[in-house]
Number of protein chains: 2
Amino acid sequence: MAKPALKLVDDATDLESERLDLVFSALSDPVRRAILEQLDGKDLLVSEIAEPFDISLQAVSKHIQVLVRAGLVTQQRSGRISRCRLDAGPIFGAALWLNRYSKYWQGQFDTLALYLDELARRPDGQDTGGE
Amino acid sequence: MAKPALKLVDDATDLESERLDLVFSALSDPVRRAILEQLDGKDLLVSEIAEPFDISLQAVSKHIQVLVRAGLVTQQRSGRISRCRLDAGPIFGAALWLNRYSKYWQGQFDTLALYLDELARRPDGQDTGGE
DNA sequence: TTGATAATCAACCATATGATTGAATGTCAG
DNA sequence: CTGACATTCAATCATATGGTTGATTATCAA
């Protein structure tokens with residue numbers, strides 16, 4: 001009856017399930033994933049975010065709105081500019097849901113643990129670029 | 001430069017990005033997430049999977065096709081029945097992508113590690129608040 | 001053969017999504 | 001005030017999605 005201690009893990013509740021709907025749906029678009037990667041470590045304006053993409057600024061603005069609705073990005077408007085900041089909180093909930101299947105990875109699980117360790121140890125989040 | 005050792009982490013490649021598109025999109029629907037939870041630990045027929053849901057069998061069949069396209073479920077037809085099996089492999093790739101933001105969780109990271117430990121230690125994958 | 005069963009196919013519908021272009025809003029600089 | 005700029009709003013379009021019902025395919029049992 002009472003929810004488990006880690007309520008994020010239990011997606012039986014409508015609220016958490018709807019949040020997962022929004023988060024996974026937001027993550028299902030490569031443009032939005034790229035936006036999140038851009039925001040990893042630094043806040044950016046809408047126009048700065050849009051710069052690398054070949055689509056219109058309006059399209060990027062709509063993508064950002066989707067990320068905002070999912071709780072993955074917050075926007076702080078000051079004057080005519082709108083600074084966008086990553087909020088990784090909801091990603092944690094998604095990761096928890098995924099990790100209920102970690103038992104299937106097994107061998108690769110060590111790889112993940114190692115990778116997490118590596119990431120945690122690194123000052124910035126940059127990948128090595130291999131070798 | 002060359003790709004990193006863990007190519008799953010680098011979604012710059014079109015192939016891996018499209019796979020993530022399919023996986024995250026598949027996970028964005030509560031029915032499909034529930035199906036994956038049903039398949040956690042046991043293979044099921046389409047009709048068995050459909051039983052708990054209020055929607056038509058055909059709708060469930062289409063959901064399963066989406067999961068198959070994403071690589072999350074495999075189907076083995078034998079006679080008129082079609083046995084569905086979970087393939088958690090693609091979830092690993094998705095988890096790796098998410099975990100690039102683990103540095104933001106920090107405090108909660110211990111919680112995740114603890115949870116993973118808990119999951120790994122549990123004989124079956126059942127959550128406390130399960131079905 | 002007949003008939004029930006398992007699953008998919010097909011057509012259809014309502015709504016959502018991702019993109020576009022053009023207009024509007026609001027703000028800063030001269 | 002004028003105008004450039006940052007962003008959003010609005011209308012539109014093509015396509016995708018999630019659901020329905022009805023038909024079809026294929027298998028098993030009597």
Side-chain angles (χ1 to χ4, degrees), chain A residues 11 14 17-39 42-86, chain B residues 11 14 17-39 42-86:
Chain A
D11 78 328
D14 285 355
S17 187
E18 285 174 27
R19 167 52 58 99
L20 284 178
D21 291 357
L22 290 173
V23 171
F24 282 129
S25 178
L27 293 175
S28 72
D29 187 281
V31 171
R32 288 192 291 264
R33 287 198 305 277
I35 291 174
L36 292 179
E37 294 181 24
Q38 280 191 78
L39 291 174
K42 56 190 180 305
D43 300 351
L44 292 174
L45 304 184
V46 174
S47 46
E48 292 171 331
I49 293 173
E51 199 269 322
F53 297 107
D54 271 345
I55 60 181
S56 68
L57 176 71
Q58 291 95 319
V60 173
S61 177
K62 285 207 283 186
H63 277 301
I64 293 173
Q65 295 315 312
V66 171
L67 291 168
V68 168
R69 266 204 315 144
L72 294 165
V73 165
T74 57
Q75 277 180 305
Q76 186 184 3
R77 302 201 64 167
S78 117
R80 56 182 165 174
I81 69 176
S82 179
R83 198 160 289 276
C84 302
R85 169 167 299 177
L86 173 68
Chain B
D11 79 327
D14 285 355
S17 187
E18 285 174 28
R19 166 52 57 99
L20 284 178
D21 291 358
L22 290 173
V23 170
F24 282 130
S25 178
L27 293 175
S28 72
D29 186 281
V31 172
R32 288 193 289 264
R33 287 198 305 276
I35 291 175
L36 292 180
E37 294 182 23
Q38 282 191 76
L39 290 175
K42 56 189 180 305
D43 299 351
L44 292 175
L45 304 184
V46 174
S47 46
E48 293 172 331
I49 293 173
E51 199 271 323
F53 298 107
D54 271 345
I55 61 181
S56 67
L57 176 71
Q58 291 95 319
V60 174
S61 178
K62 285 207 282 187
H63 277 302
I64 294 173
Q65 294 316 312
V66 172
L67 292 169
V68 167
R69 264 206 315 143
L72 294 165
V73 165
T74 57
Q75 277 179 305
Q76 186 184 4
R77 302 201 65 167
S78 115
R80 56 182 164 174
I81 70 175
S82 178
R83 197 159 288 278
C84 302
R85 168 168 299 179
L86 172 70

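This one's a predicted model, so the numbers in the text were calculated from it and none came from an experiment. Here is the naming used below: chain letters follow the sequence lines, and residue numbers restart at 1 for every chain.
Atoms CD (B:Glu51) and C1' (C:dA6) sit 15 Å apart, rounded to a whole Å. The distance between atom CG of B:Leu67 and atom P of D:dG18, rounded to the nearest whole Å, is 10 Å. Atom P of nucleotide C:dT8 and atom CD of B:Gln76 are separated by 14 Å, given to the nearest angstrom. In this structure, the CZ atom of B:Phe53 is 13 Å from the P atom of D:dG18, given to the nearest Å. Taking atom CZ of A:Arg33 as the reference point, atom P of C:dG18 lies 12 Å away to the nearest angstrom. Atom CZ in B:Arg77 sits about 10 Å away from atom C1' in D:dT27, given to the nearest Å. At whole-Å resolution of the value, NE2 in A:His63 and P in D:dT7 are 16 Å apart. One interatomic measurement links the two molecules: CD1 of B:Ile55 to P of D:dT17, which rounds to 16 Å at whole-angstrom precision.
OP1 or OP2 of C:dA7 has at least one side-chain nitrogen or oxygen of B:Ser47 nearer than 4.0 Å. A sub-4.0 Å separation between OP1 or OP2 of D:dT7 and a side-chain N or O of A:Ser61 is absent.
When distances run from any side-chain atom of A:Lys62 to the nucleotides C:dT8, C:dG18, C:dC28, the shortest one goes to C:dG18. Checked against C:dA7, D:dG18, D:dT21, the side chain of B:Ser56 finds its nearest nucleotide in D:dT21.
If you take OG on A:Ser82 and CZ on A:Arg77, they are separated by 5.5 Å, rounding to the nearest 0.5 Å. Here the straight-line distance linking atom CG of B:Leu36 with atom CG of B:Leu67 works out to 5.0 Å at 0.5 Å rounding.
Of all non-hydrogen atoms in B:Leu57 and B:Ser47, the two that sit nearest each other are CD1-CA, 4.0 Å.
Here B:Glu48 lies out of heavy-atom contact (under 4.0 Å) with every strand. Contacts of A:Gln58 with the nucleic acid, taken as non-hydrogen atoms under 4.0 Å apart, include base atoms. When heavy atoms are screened at a 4.0 angstrom cut-off, B:Arg32 is found touching the sugar-phosphate backbone but no base atom.
For the pair B:Leu57 and B:Arg69, both in contact range of DNA chain D, the more 5′-proximal nearest nucleotide belongs to B:Arg69. Heavy-atom distances to DNA chain C give each of A:Val31 and A:Gly79 a nearest nucleotide, and the one nearer the 5′ end belongs to A:Val31. The 5' end of DNA chain C is approached more closely, in terms of each residue's nearest nucleotide, by B:Ile64 than by the other of A:Ser78 and B:Ile64.
Looking at A:Lys42, its side chain does come within 3.5 Å of a backbone N or O of A:Gln38 through a donor-acceptor pair. In this structure a side-chain-to-backbone donor-acceptor pair under 3.5 Å is present from A:Ser28 to A:Ser25.
Evaluation of atom-type donor-acceptor distances gives no pair under 3.5 Å for the side chain of A:Arg80 against the base of D:dT7.
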